[in-house]
Undergrad: 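Have a look at the structure that comes next, please.
Lettering of chains follows the sequences in order, A, B, ..., and the numbering in each one begins at 1.
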Amino acid sequence: MAANIGTGRAVSSTFAPLRIWLLLPGWLSIGFFLLIPVLLMLVYSFLTKEFRGGVIWEPTLAAYDQFFFDRGLFGDDPRRIEWKYISIFWRSIWQAGGATLLCLIIGFPTAFFIATRPDRTKVIWLLLVTVPYWVNLLIRTVSMKFLIRDNGPMNDFLQYIGLINEPLQLINTNIAVQIGLFYSYLPFMVLPIFAAVERYNFTLSEAASDLYADKWTILRRIVIPVVSPGIFAGCILVFVPSLGAFLAPDLLGGAKSFMIGSLIEEQFKGNIGNWPFGAASSMILLSLVLVALFFYARAQSQGERA
Amino acid sequence: MSETAIQLESVRKDFGDFTALSEVSFEISDNEFFTLLGPSGCGKTTLLRLIAGFLNTTGGTIRLFGEEIEALPPNKRPINTVFQNYALFPHMTVRDNIGFGLSMLGWSRSDVATRVDEMVSMVKLDQFAERRPSQLSGGQQQRVALARAMAPKPKVLLLDEPLSALDLKLRQEMRLELKRLQNETGITFIFVTHDQEEALSMSDRIAVMSAGKVQQIGSAVDIYEFPENRFVAGFIGETNLIEAEVIDASADALTCQLVNGAVLTARSLHEITKGQKGWVSIRPERMTLSKTKPKGNSLSGTLTGATYLGTDNQYAVGLTDDLSLNVRHQNRTSVGAAMTTGEPVHISIADNAARFLVD
Ligand SMILES: Nc1ncnc2c1ncn2[C@@H]1O[C@H](COP(=O)(O)OP(=O)(O)OP(=O)(O)O)[C@@H](O)[C@H]1O
Ligand SMILES: [Mg+2]
């Protein structure tokens, strides 16, 4: 960290006059492709919906109201909390958390394994991890559906080796969604952890073992804390897109596993949608992510200062 | 003689078909400051890693206070290491670093705290106890590494070139510091260095290593004054080596004929018989130049060069066209000042200064 800041300073002093011009393309593209669409959504979320999709330029809080409150079928009942969308959000967080945990459990050992291979074979392993990603996400998710369905190869195999008698009912469950998300985002967990472990100085493990620590203690007290920035980065990179994913929940989870991504997607698809409501849901999701990142960043910087 | 702390018996280590160490046998007694000295790649670190348990021996045995330790992993050996690059835990404070080994040994929190306080003040880091390693200077990090390794009161402390990353002044300070700590704690030190001055000034005994073998073990004086072979004579300090043959051997002195035909008296550590071929080694500072032929052991030649080195003056004396000796005078003696190059000179050799080496 400190080293990065140091380099930044050196560069900024050398290129001080050029700095604005050098950064301009970056700022422009961030502004154009990132900020403007988000602002657009922010604006849309406060507009009135038009019935065939699209918006009417009339400001209203209706979209947010619809998200949080239930006013009955005709909108004139006393206001009650609407649990439908909140629970979809809650389920999404839960699903994304499960997928992140799954990625961490499988991804950490994988990353550790790859990082400790000799230089020549490292590249091959890394390439292998990314191989599935050369195939379209939709295709991969559909294949996953075939793989884990009731009479699919996985169940056949497990029955064949006698581990189970009845096929596992995975499809259309939360577990299936988590498996799907795990499969979609595993490399985002593996790569940052790989980078951190590769930088890890294994003399530290030797030093700990010299100071009477056993293998598990070394992993827990030395390796994991030292590579934790990589672990956190991996968790964020998996959690955030999982939260908004819609392919895996749609294809693997069925109606019961409806998630934020599907909810938002539905609002913008075809002509049954509700753009302001979709935009409002996106803004609520974005706020949640920002709050989480804020707390994470604060915890990190406090850890560094202590 | 005190107890034997470490005993190595024909220890051998192969990496694939490369032999990094062979026939390493020696004993280190309790409370000793023992140094492994040798050029880069001679196997010093490998030997330490075998003792610490990070590597397994290919052959031979290592005993710690009489017990074989081959089967014990590093965390079961009452031996601690100060690593060359310190290997401090970056996410822990100085206190936590020093206390790590103690908590691993199952000490209670309060005992750990007491011991850590003691160590922190022993290495004079009181003001820095709550800092992270990245907030310390190289010398301070070095002290933390030392305190961390000494806190669990190991029976043997291994130090792998602990001073090599420090600047000269700090290195000289730390030498004294290390010596003091070793005296205070009575821990057996095995110290690795390739700096001969460090080795000579700190050690009780030194093992000079080369190409995976121990060449000689002895005190600083033994190794400097009575080298076992040409490698030791040349690695520790400077020397002149002249091919020679023994033409007469009596009980305490050998008469040697040098390649240029000159004859002088030399001594050897070993029983030597007449006709043995070998080398005569003479340190530059154990010779004196004079214009007139001196009594006793002496050689004669032509002064071919003089170099002013500040503390010393160095002279080159040609015995024949392709045989030249270096002679050093301390700057306070005015001998030689009056001599000019090209002049014939005589070299007087101090008693016991000419050593006959077989290989
Ligand atoms: N893991 C290994 N695999 C193969 N060869 C090794 C390994 N470790 C050390 N060696 C070889 O063993 C020899 C001794 O290495 P070692 O690290 O003990 O040297 P050293 O005396 O400590 O040198 P330095 O003063 O440079 O630290 C070297 O030639 C080195 O290349
Ligand atoms: Mg070494």
Undergrad: Quick check: under 4.5 Å, non-hydrogen atoms only, which of residues 50-69 of chain B neighbour chain A?
TA: B:Ala52, B:Phe54

Undergrad: Any idea which heavy atoms bring A:Leu204 and B:Phe89 closest together, and the distance?
TA: O-CE2, 3.4 Å

Undergrad: Does any backbone or side-chain atom of B:Ile79 lie under 4.5 Å from a heavy atom of chain A? Answer side chain, backbone, both or neither.
TA: backbone

Undergrad: Do you know which two heavy atoms are closest between B:His91 and A:Arg221, and how far apart they sit?
TA: NE2-O, 2.8 Å

Undergrad: Between chain B and each of A:Thr203, A:Ile222, A:Asp210, count heavy-atom pairs under 4.5 Å; write down the option with the most.
TA: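 It is A:Asp210.
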
Undergrad: Of the backbone (N, CA, C, O) and the side chain (C-beta and beyond), which part of B:Leu88 lies under 4.5 Å from a heavy atom of chain A, both, or neither?
TA: backbone

Undergrad: So which heavy atom on B:Pro90 is nearest to which on A:Val226, and how close?
TA: CG-CG2, 4.0 Å

Undergrad: How close do B:Phe100 and A:Leu211 get, heavy atom to heavy atom, and via which atoms?
TA: CD2-CB, 3.9 Å

Undergrad: How about B:Phe83: does its CZ atom have over 12 heavy atoms from other parts shown lying under 6.0 Å from it?
TA: yes

Undergrad: Give a yes or no on whether A:Phe157 atom CZ has more than 12 heavy-atom contacts from other residues, nucleotides or ligands under 6.0 Å away.
TA: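 Not buried by this count: 12 neighbours or fewer within 6.0 Å.
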
Undergrad: Quick check on the interface: out of B:Pro78, B:Pro74, B:Ala151, who has the most heavy-atom pairs with chain A under 4.5 Å?
TA: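 Most heavy-atom pairs under 4.5 Å with chain A: B:Pro74.
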
Undergrad: At a heavy-atom separation under 4.5 Å, does A:Thr217 approach chain B through its side chain, its backbone, both, or neither?
TA: side chain

Undergrad: What distance separates B:Arg77 CZ from A:Ser209 OG, expressed to the nearest 0.5 Å?
TA: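 One gets 9.5 Å once the value is rounded to the nearest 0.5 Å.
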
Undergrad: Non-hydrogen atoms of chain A under 4.5 Å away: do they reach the side chain of B:Arg131, the backbone, both or neither?
TA: neither

Undergrad: Would you name the heavy atoms of A:Tyr212 and B:Gly101 that are closest together and state the gap between them?
TA: CD1-O, 3.9 Å

Undergrad: Within a radius of less than 6.0 Å around CH2 of A:Trp125, do more than 12 heavy atoms belonging to other residues, nucleotides or ligands occur?
TA: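 Not more than 12 within 6.0 Å, no.
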
